[in-house]
Chemist: 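Dropping a structure here in structure tokens format, bear with me for questions.
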Amino acid sequence: MNLLDHIALGRIWLKTYIPERRRWQFRLTNGCQSLSRVYYGYDFVPSADSHVFGGMVKLQDLQKVFENQGDKPNILYLISSALPHFPVRMAEMAKKAGVKVVLNQNGVAYPGWFGKGWEQCNRPMQHLHRLADYIFYQSEFCKMSADRFVGDLCPTWEILHNPVDTSLFTPAVGKNNRQGLKMLLAGSHGSFYRPQTAIKVLRLVAKTIPDVELIIAGRFCWHRENRKAEEQVMRCAREEGVAGKVRYVGPYTQQEAIDLLRESDLLLHTKYNDPCPRLVVEAMACGLPVLYSATGGVTELVGKEAGYGVPGPLDWLQDHPPSPDKLATGALKIFERLDVYSAAARQRAVQNFDVQPWLARHEQVFAKILTQ
């Protein structure tokens, strides 16, 4: 972090400190703790028609039942992938006011993913784990990686996978009449290998299925300028001879995600060690089988019948992109029985990841910790 970054951070500290101090200058009495008043660390949670990503989408779900309460909350709910500024300070102030702290834990920093400085990146998470009254880990992989690189610091926790509203995310009508294959690579792309691998898969699949298309959606995050990252991706497509079969649509909202998924036939998810991508359960809810790197927490989501995974090693020191050859083999297997895979994906999403049980579980946990 350079001097200008430090100055900017200092200004944010001054701007947020006084309002946060005022917010937590009270002490809850037992009589105030019967009804959940949840604060998410932000004065405003964006709506579904906004371009958000990661943990912010879960806050949109929660706010439908637990409205964001900035005045005298009794629960501070923080999501590790969408933390507000100075979350440790906020959590410490909340605890002094008698407020319960709930942490929704996604991935943590480790050498292979974050690189140099991963220990410093994890320090705030260590403090939050100690301060938390309850932790929702988004997958078994999230729990394992947090234990290894942050520490098993909170005794009350559970695994609760990311949800999807299966009444909104539904399969397209008339999809069985389509010809060819549309593969979707979506989400926030933190590394070039993700679209690069997908493009190589496209080239291999096109040898058997000429009418194949790759739709790339979401942000390119490995370069400061999205335009330069996009140029790099399209150059790769030209080099592989498939530029005419690649379509980039850019960032999308939650509402736009539904149409994007319905337009596609399968989700191609090339990220290594992805902790618990919500995109995967959204795709399955829309009837998309998942073709993926069988690492991280994705295998917990897809199971044995809703897609095809390419195994990879568990390595904390470097990423291992999945083999394009093996992914292409999986794409052809899915294509041969697309209807069967599609039905299995939808069924798994409805049975295991619907948002209503997820919200109900939050209500149960909130009620429990407020009486402790």
Side-chain angles (χ1 to χ4, degrees), residues 161-187 197-198 201-202 204-218 245-247 249 252 254-271 274 276-294 296-311 322 324 326-358:
H161 295 102
N162 280 333
V164 58
D165 189 337
T166 59
S167 68
L168 292 177
F169 285 80
T170 59
V173 178
K175 194 180 235 183
N176 294 342
N177 299 324
R178 293 181 184 171
Q179 301 296 320
L181 179 68
K182 286 189 177 183
M183 302 187 297
L184 173 66
L185 180 80
T197 300
V201 173
L202 173 65
L204 294 169
V205 171
K207 295 178 180 180
T208 303
I209 310 173
D211 188 11
V212 61
E213 181 184 14
L214 174 64
I215 304 171
I216 302 179
K245 296 180 179 294
V246 176
R247 176 158 54 98
V249 300
Y252 55 91
Q254 275 297 100
Q255 293 177 344
E256 292 168 339
I258 300 173
D259 290 335
L260 192 60
L261 290 166
R262 287 175 178 169
E263 181 186 357
S264 308
D265 297 308
L266 69 81
L267 178 71
L268 178 53
H269 197 70
T270 59
K271 183 177 179 180
D274 204 346
C276 186
R278 181 189 178 103
L279 170 66
V280 166
V281 294
E282 291 173 343
M284 292 194 298
C286 291
L288 270 66
V290 184
L291 180 61
Y292 63 102
S293 167
V298 185
T299 53
E300 301 172 40
L301 303 178
V302 181
K304 296 181 179 180
E305 299 177 350
Y308 184 97
V310 174
K326 293 180 179 179
L327 286 173
T329 298
L332 296 178
K333 287 187 176 182
I334 290 175
F335 183 70
E336 290 174 357
R337 301 172 63 239
L338 187 56
D339 292 350
V340 175
Y341 275 103
S342 178
R346 171 66 183 177
Q347 183 179 18
R348 183 166 177 81
V350 171
Q351 290 181 347
N352 296 280
F353 305 114
D354 185 71
V355 71
Q356 293 307 319
W358 186 82

Chemist: How many angstroms lie between atom SG of C276 and atom CG of L301, to the nearest 0.5 angstrom?
Modeler: 4.5 Å
Chemist: Quick check: closest heavy atoms across A285 and P171, and the distance to 0.1 Å?
Modeler: O-CD, 3.5 Å
Chemist: If only atom types and distance count, is the side chain of R348 paired as donor or acceptor with the main-chain N or O of A306 below 3.5 Å?
Modeler: no
Chemist: Show, in sequence, the C-alpha distance, side-chain angles and deciding distance for L202 and V212, and conclude whether the side-chain contact (heavy atoms from CB on, under 4.5 Å) test is met.
Modeler: CA-CA 7 Å; L202 173 65; V212 61; 3.7 Å; yes
Chemist: Working to the nearest 0.5 angstrom, can you tell me the gap between I334 CD1 and Y308 OH?
Modeler: 9.0 Å
Chemist: Looking at CD1 of I215 and CG of L268, how far apart are the two atoms once the value is rounded to the nearest 0.5 Å?
Modeler: 11.5 Å
Chemist: Is there a side-chain contact between T166 and V355 (heavy atoms, below 4.5 Å)?
Modeler: no
Chemist: Report yes if some heavy atom in the side chain of V249 is under 4.5 Å from a heavy atom in the side chain of I216; otherwise report no.
Modeler: no
Chemist: Tell me whether K245 at atom NZ has more than 12 heavy atoms from other residues, nucleotides or ligands lying less than 6.0 Å away.
Modeler: yes
Chemist: Please determine, by modelled atom types, if N352 and H161 share a side-chain donor-acceptor pair under 3.5 angstrom.
Modeler: no
Chemist: Backbone N or O of L288 within a donor-acceptor pair of the S342 side chain at under 3.5 Å?
Modeler: no
Chemist: Looking at every non-hydrogen atom in both residues, tell me the closest pair between P289 and L338 and how far apart they are.
Modeler: CG-CD1, 4.0 Å
Chemist: So, the side chain of R262 versus the backbone of T170: is there a donor-acceptor pair under 3.5 Å, distance only?
Modeler: yes
Chemist: Give the C-alpha distance, both sets of side-chain angles, the deciding distance and a yes or no for side-chain contact (heavy atoms from CB on, under 4.5 Å) between E282 and Q254.
Modeler: CA-CA 10 Å; E282 291 173 343; Q254 275 297 100; 3.0 Å; yes
Chemist: If I take atom CE from residue M183 and atom CD from residue E213, how far apart are they, to the nearest 0.5 angstrom?
Modeler: 9.5 Å
Chemist: Could you tell me which non-hydrogen atom of T299 sits nearest to which non-hydrogen atom of G296, and how far apart they are?
Modeler: OG1-O, 4.1 Å
Chemist: Could you walk me through whether Y292 and V280 pass the side-chain contact (heavy atoms from CB on, under 4.5 Å) check?
Modeler: CA-CA 10 Å; Y292 63 102; V280 166; over 6 Å; no
Chemist: Answer whether the closest heavy-atom distance between the side chains of S167 and Q356 falls below 4.5 Å.
Modeler: no
Chemist: Specify the closest pair of heavy atoms between N162 and P277, including all atoms of both residues, with the distance to one decimal.
Modeler: ND2-C, 4.4 Å
Chemist: Looking only at heavy atoms, what is the nearest atom pair of V281 and A349, with distance?
Modeler: O-CB, 4.1 Å
Chemist: Side chains of H269 and K271: closer than 4.5 Å at any heavy-atom pair?
Modeler: yes
Chemist: Do NZ/NE/NH1/NH2 and the carboxylate oxygens of E305 and R337 come within less than 4.0 Å?
Modeler: no
Chemist: Taking atom CG of L279 and atom CG of L260, what is their separation to the nearest 0.5 Å?
Modeler: 9.0 Å
Chemist: Answer whether the closest heavy-atom distance between the side chains of F169 and C286 falls below 4.5 Å.
Modeler: yes
Chemist: What's the verdict on side-chain contact (heavy atoms from CB on, under 4.5 Å) for D354 and V350, showing C-alpha distance, side-chain angles and the deciding distance?
Modeler: CA-CA 5 Å; D354 185 71; V350 171; 5.7 Å; no
Chemist: Would you mind reporting whether V290 and L266 have side-chain heavy atoms less than 4.5 Å apart?
Modeler: no
Chemist: Are D274 and S293 packed together at the side-chain level, in the sense that at least one heavy-atom pair is separated by less than 4.5 angstrom?
Modeler: no
Chemist: Do D211 and L181 make a side-chain contact, defined as non-hydrogen atoms from C-beta onward lying under 4.5 Å apart?
Modeler: no
Chemist: To the nearest 0.5 Å, what is the distance between CD (E263) and CG (D259)?
Modeler: 8.5 Å
Chemist: Is there a donor-acceptor pair closer than 3.5 Å between any side-chain N or O of Y252 and the backbone N or O of G187?
Modeler: yes
